[in-house]
Each structure stands twice: as structure tokens, then as C-alpha cells.
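Not measured: the values here are computed from a predicted model. Position 1 is the first residue of the sequence; numbering continues from there.
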Amino acid sequence: MTGQEPPPESRGDKGQQPPDTGVGMTAVSYLIAGMLVWGGIGWLVDHFVGTKGIFAGIGAVLGVAGGVYLIVRRLGA
């Protein structure tokens with residue numbers, strides 16, 4: 001089998017992706033980023049106020065809510 005070339009790749013779509021490719025990853029990234037950013041802001045507030053996690057939890061919940069809002073607003077889900 002030496003000397004044989006592999007068959008040419010025929011994808012049929014000429015390498016183009018559908019227009020909605022990556023929408024799911026965009027939605028997940030909105031959720032994770034919102035939770036991390038607002039949870040981090042809440043953690044900083046906890047640090048300065050002297051509480052133990054209450055504002056970090058509130059920030060994470062607000063971040064997820066903001067992520068859901070962005071998903072609905074920008075992606076039309």
C-alpha cells in the first residue's frame with residue numbers, strides 16, 4: 001500500500017459553516033462570564049464589608065440573570 005495517495009476530502013459544503021454555528025457556545029460563555037464577573041465583584045464587596053460569601057452569591061445569581069438576559073436579547077432564544 002505504499003505509494004498510494006489518500007482520497008481527496010470531499011466535504012460537500014466547500015468548507016463553509018452554517019450561519020448559526022457557535023450560537024450554543026456563545027450562550028454558555030454569556031452565562032459563565034456573567035457568573036464569574038458579577039460573582040467576583042460580589043467577592044470584592046464581601047472582602048471590603050467583612051461578610052463571608054453573601055455578596056458573592058448574590059453577584060453570581062445576578063450574573064446568571066444578566067447572562068440569560070443577554071442570550072434572549074442578542075441571540076433571540
Side-chain angles (χ1 to χ4, degrees):
M1 300 207 77
T2 59
Q4 292 181 351
E5 294 182 21
E9 293 183 31
S10 61
R11 293 176 48 167
D13 61 358
K14 305 209 184 343
Q16 297 175 354
Q17 296 181 349
D20 289 337
T21 302
V23 173
M25 288 302 293
T26 302
V28 169
S29 65
Y30 282 158
L31 290 174
I32 292 173
M35 186 171 56
L36 289 176
V37 168
W38 288 103
I41 292 171
W43 179 80
L44 287 173
V45 171
D46 278 331
H47 179 71
F48 289 118
V49 174
T51 56
K52 295 190 184 238
I54 187 72
F55 289 107
I58 292 171
V61 169
L62 288 177
V64 169
V68 169
Y69 172 76
L70 284 176
I71 290 169
V72 171
R73 182 80 175 167
R74 292 188 181 177
L75 301 179

- Query: Could you give the distance from CG (Leu31) to CG (Leu36), rounded to the nearest 0.5 Å?
  - Reply: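 It comes to 11.0 Å.
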When rounded to the nearest 0.5 Å, the distance separating NZ of Lys52 from CH2 of Trp43 is 13.0 Å
Worksheet entry | Listed partners of Leu44 passing side chain to side chain contact (heavy atoms under 4.5 Å, CB included), at least two apart |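 Partners of Leu44 by the side chain to side chain contact (heavy atoms under 4.5 Å, CB included) criterion come out as none, since no residue qualifies.
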Assigning hydrophobic clusters by single linkage (Ile, Leu, Val, Met, Phe, Trp, Tyr; side-chain heavy-atom cutoff under 4.5 Å), is [X] placed with [Y]?
X	Y	value
Leu70	Met35	yes
Tyr69	Ile41	no
Val68	Leu75	yes
Val37	Val64	no

Going by chain and number, the hydrophobic cluster around Ile54 (ILVMFWY, side chain to side chain under 4.5 Å) further includes Val45, Val49, Phe55, Ile58, Leu62
Here the pair of heavy atoms bringing Gly22 nearest to Thr26 is O-OG1, 2.8 Å
